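Below is one structure, written out as structure tokens, with a few remarks after it.
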Amino acid sequence: MESRRGSRGKGLEPRVSTSTESRQKGQEVVDRSRELCSAGEWLWSSEPMRWRRVFSGCVDQVQAARGFASYLFAGTGREDDVAIVVAELATNAVRHSKSGEGHGWFGLELTLAEVSYIAVTDQGGGRIPTVQFPQPGEEPAMGGRGLLLVSELAIATGIYGSPRVGHTVWADVELRGNNAGSRNRSVTLVV
Ligand SMILES: Nc1ncnc2c1ncn2[C@@H]1O[C@H](COP(=O)(O)OP(=O)(O)OP(=O)(O)O)[C@@H](O)[C@H]1O
Ligand SMILES: [Mg+2]
């Protein structure tokens with residue numbers, strides 16, 4: 001973060017150059033290609049930013065993880081969707097895996113990029129995370145919709161790991177779109 005800020009800082013000042021003609025006239029010319037950038041340009045022209053954070057497996061840490069993600073993605077326009085994805089995956093970790101047992105933990109990984117990677121790693125011990133698709137004509141169920149919601153907000157989702165070593169459930173969220181009309185590419189790999 002520091003090095004990024006340091007290197008970016010230099011680029012924010014417009015470069016003042018002197019062309020031959022203007023030098024003769026003793027005038028300074030502002031190089032328009034190096035003008036001050038907007039906040040959006042500043043955010044997007046940098047390399048992806050990546051964070052990892054470990055949370056204890058207490059239920060209240062779901063809210064903490066959600067808030068953490070929402071804070072980091074503020075201003076992208078998808079912060080609410082990213083927060084939902086994190087909340088669903090973190091809830092699953094504490095509810096369906098050993099992460100929710102005494103001294104349990106789950107890990108959150110976030111990469112802020114045009115296609116942002118969001119992943120929660122748990123301690124396994126339960127079943128395999130499975131998207132539950134409603135059957136035609138089926139009454140809307142009270143539960144079993146979390147991973148389906150995640151898959152609708154993402155352009156791709158996947159799972160790796162196993163009940164023995166724990167699972168990582170991930171989602172790729174496109175920040176510049178709302179995924180409307182895009183097809184989710186789901187990948188499941190269990191080792
Ligand atoms: N991290 C996980 N570890 C083990 N099993 C999981 C995990 N996440 C999901 N599952 C399994 O996949 C199923 C579907 O998960 P999903 O989040 O869609 O529904 P749910 O958690 O049962 O209910 P809801 O999210 O709607 O409250 C779960 O019922 C559970 O059996
Ligand atoms: Mg769930």
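Both counts, for ligands and for their atoms, begin at 1 and track the order of listing. Note that the structure is a prediction, hence the values are computed from the model and not measured.
- The heavy atom nearest to atom 20 (P) of ligand 1, considering only Gly144, Gly143, Ser97, is found in Gly144.
- Residues Leu108 and Phe55 meet the side-chain proximity criterion, which asks for heavy atoms closer than 4.5 Å.
- For ligand 1, the atoms sitting less than 4.0 Å from at least one non-hydrogen atom of Glu88 are 25 (O), numbered in the order shown with element in parentheses.
- The minimum heavy-atom distance linking Phe106 with Gly57 is given by the pair CD2-CA, 4.4 Å.
- Listed by number with element, the atoms of ligand 1 under 4.0 Å from a non-hydrogen atom of Arg145 are 18 (O), 19 (O), 24 (P), 26 (O).
- The two atoms that bring Val62 and Ala87 nearest to each other are CG1-O, 3.8 Å, heavy atoms only.
- Of the polar atoms of Arg95, at least one N or O is found under 3.5 Å from an N or O of ligand 1, judged by distance alone.
- If you check which protein heavy atom lies closest to atom 5 (N) of ligand 1, you get Arg127 O, 3.3 Å.
- Within the 4.0 Å heavy-atom cutoff, Val169 does not count among the residues contacting ligand 1.
- Contact annotation for Asp122 and ligand 1: only side-chain heavy atoms (C-beta onward) come within less than 4.0 Å of the ligand.
- Looking only at protein heavy atoms, the nearest one to atom 12 (O) of ligand 1 is Thr130 N, 3.2 Å.
- Residues Ser99 and Thr121 have side chains not in contact (no heavy-atom distance under 4.5 Å, counting atoms from C-beta outward).
- Coordination check, Thr91 versus the Mg ion (ligand 2): failed, since every N/O/S atom of the residue sits at 2.8 Å or beyond.
- Around atom 30 (C) of ligand 1, the closest heavy atom drawn from Gln123, Gln132, His96 belongs to His96.
- Polar contact check, Gly146 against ligand 1: a nitrogen or oxygen pair lies under 3.5 Å apart.
- Ligand 1 has no nitrogen or oxygen under 3.5 angstrom from a nitrogen or oxygen of Gly126.
- Pro163 and His167 get closest at one heavy-atom pair: N-CE1, 3.4 Å.
- Annotation: side chain of Asn92 is in contact with side chain of Leu147 (closest heavy-atom distance under 4.5 Å).
- Residue His167 has no nitrogen or oxygen atom sitting less than 3.5 Å from a nitrogen or oxygen atom of ligand 1, judged on distance alone.
- Of all non-hydrogen atoms in Thr157 and Ala171, the two that sit nearest each other are CG2-CB, 3.9 Å.
- For atom 6 (C) of ligand 1, the candidate residues are Pro129, Gly124, Gly166, Ser151; the nearest heavy-atom contact is made by Pro129.
- Nearest protein heavy-atom contact of atom 17 (O) of ligand 1 is Asn92 ND2, 2.9 Å.
- Side-chain atoms of Asp81 never come within 3.5 Å of backbone atoms of Leu153 as a donor-acceptor pair (strictly under, hydrogens ignored).
- In this structure, Arg78 is not positioned above the aromatic face of Phe73 in the sense of NZ or CZ being under 6.0 Å from the six-membered ring centre and within 45° of the axis.
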